[in-house]
Undergrad: 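I am attaching a structure below and will ask some questions about it afterwards.
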Amino acid sequence: QVQLVESGGGLVQAGGSLRLSCAASGRTLSGHTVGWFRSAPGKEREFVAAIRWSSGREFYANSIEGRSTISRDNAKNTVYLQTNRLKLEDTGIYYCAAGTVVVVPTSGRQYDYWGQGTQVTVSS
């Protein structure tokens with residue numbers, strides 16, 4: 001079992017930056033793919049970014065590519081999502097997820113473990 005805890009959310013002005021953290025416990029994330037998803041009122045949950053722990057390969061949604069960087073810290077068993085130039089539409093609850101057999105990183109169904117989420121609110 002892997003337990004995931006997100007942190008780093010908050011209220012930020014449009015154009016600002018935020019770094020989210022996803023700390024894992026229970027098992028090492030080695031061999032996992034770790035993804036970030038977000039949900040907003042009236043919208044379906046959407047993929048944001050993912051990273052394959054072993055190779056470091058990164059995946060990004062079109063809406064966030066160029067503004068975000070996903071990274072991992074082996075020693076801390078933690079994944080980060082740094083997002084710059086935040087937009088109003090980035091508002092939502094951000095969830096971290098992990099899975100060992102994730103063929104399509106953009107599909108939430110392929111992840112085994114989910115965190116409780118952290119709220120990000122971007123204001124004008």
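Predicted, not measured: the structure shown is a model, and the values here were computed from it.
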Undergrad: Report yes or no: does Tyr111 contribute a side-chain atom to a donor-acceptor pair with the main-chain N or O of Cys96 at less than 3.5 Å?
TA: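 No; zero donor-acceptor contacts below 3.5 Å.
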Undergrad: Distance from Leu11 atom CG to Thr121 atom OG1, nearest 0.5 Å?
TA: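 OG1 of Thr121 is found 6.0 Å from CG of Leu11.
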Undergrad: Assign the ring pair Phe37 / Trp114 to parallel, tilted or perpendicular, where the plane angle (0 to 90°) is split at 30° and 60°.
TA: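 Aromatic pair Phe37/Trp114 classed tilted.
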Undergrad: Under 3.5 Å, is there a donor-acceptor pair linking the side chains of Arg52 and Thr33?
TA: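 On atom types as modelled, these side chains qualify, holding a pair under 3.5 Å.
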Undergrad: Are Ile70 and Tyr94 connected into the same hydrophobic cluster when the rule is that any two of I, L, V, M, F, W, Y join if their side-chain heavy atoms are below 4.5 Å apart?
TA: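 The answer is yes; both residues are in one hydrophobic cluster.
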Undergrad: Same hydrophobic cluster for Val102 and Tyr113, using side-chain heavy-atom links shorter than 4.5 Å among ILVMFWY?
TA: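 As far as the 4.5 Å side-chain criterion goes, Tyr113 and Val102 are not connected within one cluster.
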Undergrad: Taking atom CZ as the centre, does Arg45 end up with more than 12 heavy-atom neighbours from other residues, nucleotides or ligands that are less than 6.0 angstrom away?
TA: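 Counting other residues, nucleotides and ligands, CZ of Arg45 exceeds 12 neighbours.
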Undergrad: Taking all atoms of both residues into account, what is the closest heavy-atom pair of Asp90 and Arg38, and its distance?
TA: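 Nearest pair, atom of Asp90 first, then Arg38: OD1-NH1, 2.9 Å.
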Undergrad: Can you find a side-chain donor-acceptor pair between Tyr80 and Gln82 that sits under 3.5 Å?
TA: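 Distance-only check fails for Tyr80 and Gln82.
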Undergrad: Could you tell me whether the side chain of Thr91 reaches within less than 4.5 Å of the side chain of Gln119, counting heavy atoms only?
TA: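 Yes. Closest side-chain heavy atoms under 4.5 Å.
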Undergrad: Test His32 against Val79 for side-chain contact (heavy atoms from CB on, under 4.5 Å), laying out the working first.
TA: CA-CA 11 Å; His32 287 73; Val79 170; over 6 Å; no
Undergrad: Please name the pair of heavy atoms, one in Gly117 and one in Glu6, separated by the smallest distance, quoted to 0.1 Å.
TA: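 Minimum heavy-atom contact is N-OE1, 2.8 Å.
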Undergrad: Check whether Thr78 reaches the backbone of Lys76 with its side chain - one donor and one acceptor, N or O, closer than 3.5 Å.
TA: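 Checking the backbone N and O of Lys76 against the side chain of Thr78, a donor-acceptor pair under 3.5 Å is found.
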Undergrad: Please report the shortest heavy-atom distance between Thr118 and Gly9, naming the atom on each side.
TA: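 Scanning both residues completely, I find the closest heavy atoms to be OG1-N, 3.2 Å.
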